[in-house]
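To start, the structure itself, in structure tokens.
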Amino acid sequence: MECNFMTDRMKERILLCLAHMSGNEMKYIQEAFDTNWVVPLGPNVNAFEQELKNFVISRPDCSDGSDYKCSPQGTEPRTSDPDKLWPNGFERLKGKTVVALCSGTAAVHLALIELGVKAGDEVMCQSFTFCASSHPVTYQGATPVFVDSEPDTWNMDPELLDEAIRDRIAKTGRKPKAIIVVYLYGMPGKIAEILKVAEKYDIPLIEDAAEGLGSRYDDQVCGTFGKFGVLSFNGNKIITTSGGGALICPDQATKDHVMYFATQAREAYPYYQHVDIGYNYRLSNICAGIGRGQLTVLDEHIAHHRHVAKLYSEAFAKVDGITFHGGGDTVVDPAHAPQGHKITSNFWLSTITLDPSLKVRGEENAYKVAVKGAVGGAAGVVRATGELHTDLEPNNNVEALRVALDQANVESRPVWKPMHRQPVYHDAPAYVNGVSESIFKKGLCLPSGPLVTDEDVDYIVSTIKENLL
């Protein structure tokens, strides 16, 4: 159902997307109405959680056409060979379970609550990402401590993380309460090295896999390595429930406690009794029905995103001054993976960087007109400032290319602006190495969703080439 992201040229195919929804998703939505389960609980929610669990902890990669191809909900693998069915050691994951929630942000927040994060605590956060990873830290009255990225995967730098934790302990006399790592644009980080740091200091790890559903590290699904894993089903993700998310929990007891806080922390009495502050964070039964239908095409969507990434990778390999981040289907050491480990990205978004010396048509007009609305499919209400510049912005050639693509009916957007350079976090501690700021100045996200055709990629690449000088 991912219909709202990124290029105007795809809008004529929206009806095809909706028609697809009427087949899979509408079946479960209709069941919800027919049985009067139009509430934030119900059969679809329960089934969606089970089907998500089947996907994240008990399935090999089913998006590559191999013998591991599975049924839509992951309950009927084509192979009965246990060595093929559980190639990454299912036993160590089987206790994990899933809670369906109204957003990925809610999932981060509830993970922090479960870890006992309170006012005055510190949480190590990846700087190069969307604000949903760090904002929940402030909901708890805690302080995010931002850590910069390494240049290979663009995710949290393990060595800098170690240095930052040591420094925070020296400065405050206390350990940070948690570490939140993000899998930016679907690319797994250096998980093994980050886990070693977390284990060294005995600090629980939260994996924000909101952009990385179906991405894998050594064939294990991202979101299953740490204490908690966060998923998102926002309208622009690999699959969507229109809005929604999920929290991967270590065991059933933790799931039950998370559900307590996600449903307003109600005590077991025939009337409303509260001893804790709770939240209205549960997923709607209607939205869960959409999610169940979406799960039937998840493998197809992942395969398509990887296919689009491979097309971009091959096209830009022949263009001086433009570098595609990743490299097609599976990224393996040494270019973009830690030594001896296999990284498989879902390529939620395909991204490129432009060399600062690359000349783009219209650079002289970059930042001449103040932006009045959302750029590149960004969701939500935006506030126009009338200002042309901030203290850190993409290079002129990146902005000129974004505008040129927009004029050609192709939506693109800059990469995430690092959190440590956001005004709202100007007082937060930050440990930086210049990587995320450099990528922000050079980076651009390109159309990547399931409605992007090979012809679209050709058109986008041709448009980019036509605007190079």
How far apart are the closest heavy atoms of [X] and [Y], and which atoms are they?
{"X": "K96", "Y": "T224", "result": "CE-O, 3.0 Å"}
{"X": "P429", "Y": "P144", "result": "CD-O, 3.7 Å"}
{"X": "L184", "Y": "T129", "result": "CD1-CA, 3.8 Å"}
{"X": "V258", "Y": "C249", "result": "CG2-SG, 4.1 Å"}
{"X": "I302", "Y": "L213", "result": "CD1-O, 3.9 Å"}
{"X": "W154", "Y": "P151", "result": "CD1-O, 3.4 Å"}

Indicate yes or no for a side-chain donor-acceptor contact from [X] to the backbone of [Y] under 3.5 Å, with no hydrogens or angles considered.
{"X": "N433", "Y": "S149", "result": "yes"}
{"X": "S232", "Y": "G245", "result": "no"}
{"X": "Q126", "Y": "V182", "result": "yes"}
{"X": "E437", "Y": "P418", "result": "no"}
{"X": "D157", "Y": "E159", "result": "yes"}
{"X": "N346", "Y": "H305", "result": "no"}
{"X": "Q140", "Y": "V117", "result": "yes"}
{"X": "K175", "Y": "D202", "result": "yes"}
{"X": "Q294", "Y": "T240", "result": "yes"}
{"X": "K190", "Y": "P158", "result": "no"}

Please report the interatomic distance [atom1]([X]) to [atom2]([Y]), rounded to the nearest 0.5 Å.
{"X": "I206", "Y": "L110", "atom1": "CD1", "atom2": "CG", "result": "10.5 Å"}
{"X": "E211", "Y": "S345", "atom1": "CD", "atom2": "OG", "result": "10.0 Å"}
{"X": "F347", "Y": "F324", "atom1": "CZ", "atom2": "CZ", "result": "5.0 Å"}
{"X": "H301", "Y": "I238", "atom1": "NE2", "atom2": "CD1", "result": "8.0 Å"}
{"X": "I191", "Y": "F225", "atom1": "CD1", "atom2": "CZ", "result": "4.5 Å"}

Looking at residues at least two apart in the chain, or sitting in another chain, which of them share a salt bridge (Lys or Arg N to Asp or Glu O under 4.0 Å) with [X]?
{"X": "K171", "result": "D167"}
{"X": "R168", "result": "E122"}
{"X": "E363", "result": "none"}

Do [X] and [Y] touch side chain to side chain, with heavy atoms closer than 4.5 Å?
{"X": "V403", "Y": "E399", "answer": "yes"}
{"X": "F316", "Y": "I464", "answer": "yes"}
{"X": "V398", "Y": "P414", "answer": "no"}
{"X": "L283", "Y": "T241", "answer": "yes"}
{"X": "V319", "Y": "V461", "answer": "no"}
{"X": "Y312", "Y": "I352", "answer": "no"}
{"X": "L112", "Y": "I180", "answer": "yes"}
{"X": "S350", "Y": "S448", "answer": "yes"}

Pair D406 + R402, salt bridge at N-O below 4.0 Å: no
Any carboxylate oxygen within less than 4.0 angstrom of a Lys/Arg side-chain nitrogen, looking at E114 and K227?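 No.
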Verify whether one side chain among [X] and [Y] offers a donor that lies under 3.5 Å from an acceptor in the other.
{"X": "H325", "Y": "T351", "result": "no"}
{"X": "D148", "Y": "S436", "result": "yes"}
{"X": "D454", "Y": "H307", "result": "yes"}
{"X": "T390", "Y": "E387", "result": "no"}

Side-chain donor-acceptor contacts of residues 438-445 below 3.5 Å, not counting sequence neighbours, with atom names and distances?
none

Using the ring centroid of each side chain, check whether Y425 and H135 are separated by less than 6.0 Å. yes
If the condition is side-chain hydrogen bond (donor to acceptor under 3.5 Å, both in side chains), which residues does K465 pass it with, not counting sequence neighbours?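 side-chain hydrogen bond (donor to acceptor under 3.5 Å, both in side chains) check on K465 returns nothing, list empty.
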Taking atom [atom1] of [X] as the centre, report whether more than 12 heavy atoms of other residues, nucleotides or ligands fall under 6.0 Å from it.
{"X": "D320", "atom1": "CG", "answer": "no"}
{"X": "H426", "atom1": "NE2", "answer": "no"}
{"X": "I277", "atom1": "CD1", "answer": "no"}

Which residues pass the ring pair (Phe, Tyr, Trp, His ring centres under 6.0 Å) test with Y281, sequence neighbours left out?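 Ring pair (Phe, Tyr, Trp, His ring centres under 6.0 Å) list for Y281, sorted by chain: H109, Y279.
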